[in-house]
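Quick caveat: nothing in here was measured; it's all calculated off a predicted structure.
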Amino acid sequence: MRNPTSFFARPIVILFLFFVLSPGAVTAFQQPSQEYTEYKGQVVNSQNNDALAGAYLSVQNTNISTVTNSDGEFSLKIPQNLEDVNVQVSFLGFQSRTIPLQFFQQDNVVIALQESLEELNEVSIFTYTDPAALVHNMLETRGNNYFTDRTTMTAFYREAIKRGRKNVSLSEAVVKIHKQPYDSNSDDDIALVKARKTADYTRLDTVALKLRGGPYNPLSIDLMKNPTHIFNQRDLANFKFSFDNPTKIDEQYLYVVNFEELDKRMPWYYGKLFIDANTFSLIKASFNLNVDNRSAATDLFVQKKPGGTKVYPVEVKYDITYRQKDGRWYFGYGNTQLEFVVNWKRKLFNSRYKVNSELAVTNWEVNTEKVKRDNSFLSRKVIMNDDISGFADLSFWGENNIIEPDESIESAIDKIRDKLENN
């Protein structure tokens, strides 16, 4: 069992938030546009037409990709010199589809995926009977299964903060992730390419909840680059592991391992690991931090708050997905979701804030030399709402692949824009 103080001593996936009243500064980095074509559509479940959020679309024989939003909608931008290409569409637990690019040229594109109905428990490839031994192997072989080159990744970042059902802060950015090899202890860096924000706290007349770290937060849950954020080979005895029903993605068979920390005196992790049955690579992880210990959880997340308030998290969720290229895996998508309660003295009702940040890799290239830092590199203490630009026209993102905005986000942008224009 771990010592109660060791939770704070070891590296951990944490987000720093604080409540202040402050307007934001305006900066942005631009880059020239190239000739591209944008394709839009929706990915759904073929059984019931339910939207598939987080479905992955990749252009074969390239590094171009994107993911669907919460409504299953996507926007995929492809250079015009790529005509005879196919797009692969995949989602965990569903059969993947490979579709010619010409299919996307029609109106109202809808891609229906079928659930995988194969009885996987009987598949002979699942040979492990000890889930802890499987996780140990996953960690031990990460140098063989993941990128060992310096890589520059183009990625799209979105950060949304809601008070109840109302968006009070929205930030979006295209960034460059300077990813270090997975067998290296060097830290990854992030540089800003272009960005915008969609909030004005003084005009919205609300207490501002700010997220420190920006895109570093979803990047930090790359468990195969930073395994000690949760566990490593030396402390697996601190966890209980069990097998869940196996599944498939992209015709790959996956073990599903449940994990749960044994020491529950402090905030503790629990969740699922999706591990490739052939290579024992981690393909996906979904996990939570139990925050029933309000005092300890507040110390982890809240840096500063107004007098006369109690602020504490009530839900903390993380998701990480990896992508494969030429037999090697790399960070593809990360998402962090937090919900906070703000209790004011002498007020009958409390306020609830939801914080969502997601980072999706849309392209990448291998670097032979180390990238030199310049003023576009973001600090790990960056507060995106203070450091990025305001509204922009519809062509702002140019050829960059982004996650299609949710309808609620677009409505919030329009509302805030109207409010600014009328004052």
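For Asn49, the side-chain contact (heavy atoms from CB on, under 4.5 Å) criterion is met by Val44, not counting sequence neighbours.
Between Leu282 and Leu273, some side-chain heavy-atom pair lies under the 4.5 Å cut-off. A heavy-atom distance below 4.5 Å is not found between the side chains of Ile221 and His229. The shortest distance between side-chain heavy atoms of Asp319 and Lys284 falls below 4.5 Å. The side-chain heavy atoms of Thr37 and Phe104, taken from C-beta on, include no pair separated by under 4.5 Å. Between Asp276 and Phe274 there is no side-chain heavy-atom pair separated by less than 4.5 Å. For the pair Val291/Tyr312, no side-chain contact is recorded, criterion being any heavy-atom separation below 4.5 Å from C-beta on. Using a 4.5 Å heavy-atom threshold, the side chains of Leu359 and Val175 count as touching. Looking at heavy atoms from C-beta onward, Pro181 lies in side-chain contact with Arg150 at the 4.5 angstrom threshold.
Classification of the Phe259-Phe287 ring pair by plane angle, with boundaries at 30° and 60°, yields tilted. In this structure, Phe94 and Phe91 have perpendicular ring planes: the angle between them is above 60°, well past the 30° mark. Relative ring orientation between Tyr128 and Phe280 is described as perpendicular, the plane-to-plane angle rising above 60° on a 0-90° scale split at 30° and 60°.
For Gln105 against Tyr39, the heavy-atom pair with the smallest separation is CG-CE2, 3.8 Å. Here the closest heavy-atom approach between residue Ser357 and residue Pro218 is recorded as OG-CD, 3.8 Å. Between His178 and Ala191 the shortest heavy-atom distance is NE2-CB, 4.1 Å. What you find for Val361 and Ser65 is that their closest heavy atoms are O-OG, 3.1 Å. Shown here for Arg328 and Gly143, the closest heavy-atom pair between the two residues is NH1-O, 3.1 Å. Residue Asn217 comes nearest to Arg212 through the heavy atom pair ND2-O, 3.1 Å, listed as atom of the first residue, atom of the second, then distance.
Looking at Asn293, its side chain does come within 3.5 Å of a backbone N or O of Arg265 through a donor-acceptor pair. Of the possible donor and acceptor atoms, one in the side chain of Thr68 sits under 3.5 Å from a partner among the backbone N and O of Leu52. Remark: side-chain polar atoms of Arg163 are not paired, donor with acceptor, to backbone N or O of Ser351 under 3.5 angstrom.
Partner of Phe231 under the ring pair (Phe, Tyr, Trp, His ring centres under 6.0 Å) criterion, out of Tyr269, Phe239, Trp268: Phe239 alone.
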For Tyr146 and Tyr322: C-alpha separation, side-chain torsions, deciding distance, then whether ring-ring contact (aromatic ring centres under 6.0 Å, His included) applies. CA-CA 10 Å; Tyr146 296 82; Tyr322 294 90; 5.5 Å; yes
Please lay out, stage by stage, how Asn367 and Thr152 fare under the test side-chain hydrogen bond (donor to acceptor under 3.5 Å, both in side chains). CA-CA 7 Å; Asn367 287 329; Thr152 297; 2.2 Å; yes
Yes or no on side-chain hydrogen bond (donor to acceptor under 3.5 Å, both in side chains) for Thr154 and Thr362, after CA distance, side-chain angles and deciding distance? CA-CA 6 Å; Thr154 302; Thr362 59; 5.3 Å; no
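Ion pair Arg380/Asp189 flagged as a salt bridge, since at least one NZ, NE, NH1 or NH2 atom sits closer than 4.0 Å to an Asp/Glu carboxylate oxygen. For the pair Asp222 and Lys179, the salt-bridge criterion is met [side-chain N within less than 4.0 Å of a carboxylate O]. In this structure, Lys240 does not pair ionically with Glu260, as no charged nitrogen and carboxylate oxygen lie closer than 4.0 Å.
By the 6.0 Å contact criterion, NZ on Lys354 is open, its count of non-hydrogen atoms from other residues, nucleotides or ligands being 12 or less. A 6.0 Å sphere centred on CG of Asn108 holds no more than 12 heavy atoms belonging to other residues, nucleotides or ligands. The local environment of CG in Asp374 is crowded, with over 12 non-hydrogen atoms from other residues, nucleotides or ligands closer than 6.0 Å.
Applying the salt bridge (Lys or Arg N to Asp or Glu O under 4.0 Å) test to residues at least two apart or on different chains, the pairs with a partner in residues 329-340 are Glu339-Arg352.
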